*Asks:* 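This is the structure I have questions about; it appears just below.
Note that the numbering runs from 1 along the sequence shown for the chain. Predicted, not measured: the structure shown is a model, and the values here were computed from it.
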Amino acid sequence: MRKDAVVADRTSPDEELMRALYEEHAGPLLAFVLRQVAGDRQHAEDVVQETLVRAWRNADRLRGTPGSVRPWLVTVARRIVIDGHRSRQARPREVDPAPLELIPAADEIDRALRLMTISDALGDLSEAHREALTETYFKGRTVSEAAEALGVPAGTVRSRVFYALRSMRLSLEERGVTG
């Protein structure tokens with residue numbers, strides 16, 4: 001048997017192999033992996049642990065290998081690091097959702113209050129002025145189209161829109177809406 005796989009009386013050969021592998025190779029393997037993962041100790045320890053688990057799964061094959069198993073362990077560790085890097089590149093980086101809690105949600109109350117105020121101000125207008133504004137601003141019609149829909153000349157529509165906007169401005173200012 002190799003010196004890194006000494007069999008003790010009370011443990012199974014696989015357990016003793018793992019103990020010997022850990023004692024002899026874990027330190028140098030960790031140093032190698034630390035260089036591969038840019039000094040991230042936690043990640044390096046995870047890679048070493050995964051490498052030793054794979055060695056345990058392949059204990060029968062390792063026991064029959066002449067010489068040291070360190071080259072096999074280093075190769076497995078290197079491949080684990082490479083696979084981890086590739087998998088991180090293949091999917092979007094995970095982010096912490098905590099900053100999303102700081103972003104204020106859209107508040108519809110201001111919009112609702114603004115619409116109520118405008119609706120009240122429209123109620124203060126005469127029927128003719130309200131119709132002219134509705135046709136031009138809310139329905140998006142041209143002055144000519146609004147005049148045809150209302151059955152009045154285009155000049156009348158322009159005049160009603162002018163006076164309706166002036167009345168709306170005054171009405172909204174009375175309600176505290178400026179700008």
Side-chain angles (χ1 to χ4, degrees), residues 26 28-58 72-179:
L29 190 59
L30 181 63
F32 169 76
V33 174
L34 273 170
R35 288 189 302 273
Q36 300 297 308
V37 295
D40 183 351
R41 185 166 185 87
Q42 182 177 2
H43 184 58
E45 289 172 353
D46 290 342
V47 170
V48 169
Q49 181 178 4
E50 177 63 25
T51 303
L52 292 173
V53 166
R54 290 183 188 185
W56 175 69
R57 288 183 187 150
N58 292 292
W72 185 89
L73 293 170
V74 168
T75 301
V76 170
R78 192 173 125 273
R79 288 180 180 162
I80 292 170
V81 170
I82 290 169
D83 289 346
H85 177 71
R86 285 180 181 161
S87 69
R88 281 189 302 279
Q89 299 294 12
R91 66 176 185 254
R93 200 174 128 208
E94 296 174 4
V95 295
D96 182 20
L100 295 177
E101 295 172 4
L102 302 176
I103 299 174
D107 189 7
E108 294 295 318
I109 292 175
D110 289 338
R111 183 176 181 267
L113 289 174
R114 191 170 47 251
L115 289 174
M116 287 173 50
T117 305
I118 291 171
S119 181
D120 287 346
L122 278 171
D124 291 346
L125 297 176
S126 68
E127 183 67 27
H129 288 154
R130 189 171 32 258
E131 286 176 344
L133 273 183
T134 301
E135 292 296 321
T136 56
Y137 279 89
F138 298 115
K139 292 184 179 177
R141 294 185 173 161
T142 64
V143 172
S144 302
E145 292 169 342
E148 187 177 323
L150 294 173
V152 296
T156 303
V157 171
R158 278 193 286 275
S159 174
R160 287 180 181 173
V161 167
F162 173 80
Y163 288 109
L165 288 175
R166 191 168 80 178
S167 293
M168 282 287 290
R169 186 180 312 119
L170 290 172
S171 182
L172 289 172
E173 284 175 359
E174 288 174 1
R175 287 175 169 80
V177 178
T178 58

*Asks:* Looking at residues at least two apart in the chain, or sitting in another chain, which of them share a salt bridge (Lys or Arg N to Asp or Glu O under 4.0 Å) with Glu145?
*Replies:* none
*Asks:* Could you check whether atom CD of Glu173 has more than 12 heavy atoms from other residues, nucleotides or ligands sitting under 6.0 Å from it?
*Replies:* yes
*Asks:* Is the number of heavy atoms from other residues, nucleotides or ligands under 6.0 Å of Gln42 CD greater than 12?
*Replies:* no
*Asks:* With no hydrogens and no angle check, is any side-chain donor or acceptor of Thr117 less than 3.5 Å from a backbone partner on Leu113?
*Replies:* yes
*Asks:* If the condition is side chain to side chain contact (heavy atoms under 4.5 Å, CB included), which residues does Gln89 pass it with, not counting sequence neighbours?
*Replies:* His85
*Asks:* Do Glu50 and Arg54 pass the salt bridge (Lys or Arg N to Asp or Glu O under 4.0 Å) test, and can you show the C-alpha distance, the side-chain angles, and the key distance before you say yes or no?
*Replies:* CA-CA 6 Å; Glu50 177 63 25; Arg54 290 183 188 185; 2.9 Å; yes
*Asks:* Under the side chain to side chain donor-acceptor pair (under 3.5 Å) rule, collect the residues that match up with Ser171, sequence neighbours excluded.
*Replies:* Asp124, Arg175
*Asks:* Locate the shortest heavy-atom distance separating Thr51 from Trp72; write the atom from each residue and the value.
*Replies:* O-CZ3, 4.5 Å
*Asks:* I need the minimum non-hydrogen distance between Val33 and Ala44, along with the two atoms involved.
*Replies:* CG1-CA, 3.6 Å
*Asks:* Looking at every heavy atom in both Arg130 and Leu125, which two are closest together, and how far apart are they?
*Replies:* NH1-O, 2.9 Å
*Asks:* Can you tell me how far apart CG (Leu172) and CZ (Arg114) are? Round to the nearest 0.5 Å.
*Replies:* 11.5 Å
*Asks:* Only distances under 3.5 Å count here; give the side-chain donor-acceptor pairs of residues 74-81 to other protein atoms, sequence neighbours excluded, each with its distance to 0.1 Å.
*Replies:*
unit_1 : atom_1 : unit_2 : atom_2 : d
Thr75  : OG1    : Pro71  : O      : 2.8

*Asks:* For the OH atom of Tyr137 and the CG atom of Leu122, what is their distance to the nearest 0.5 Å?
*Replies:* 12.0 Å
*Asks:* For Glu45, enumerate each residue passing the side chain to side chain donor-acceptor pair (under 3.5 Å) test, keeping only those at least two apart in sequence or located in another chain.
*Replies:* Arg41
*Asks:* Might you work through the side-chain contact (heavy atoms from CB on, under 4.5 Å) test for Ile82 and Gln36, ending with a clear yes or no?
*Replies:* CA-CA 9 Å; Ile82 290 169; Gln36 300 297 308; over 6 Å; no
*Asks:* Taking side chain as C-beta onward, heavy atoms only, is Arg57 less than 4.5 Å from Val53?
*Replies:* yes
*Asks:* Hey, what do you get for CD (Glu131) to OG1 (Thr136), rounding to the nearest 0.5 Å?
*Replies:* 11.5 Å
*Asks:* Report yes or no: does Arg141 contribute a side-chain atom to a donor-acceptor pair with the main-chain N or O of Glu135 at less than 3.5 Å?
*Replies:* no
*Asks:* Below 3.5 Å, can you tabulate the donor-acceptor pairs from side chains in residues 146-167 to any protein atom, sequence neighbours excluded?
*Replies:*
unit_1 : atom_1 : unit_2 : atom_2 : d
Ser167 : OG     : Tyr163 : O      : 3.1

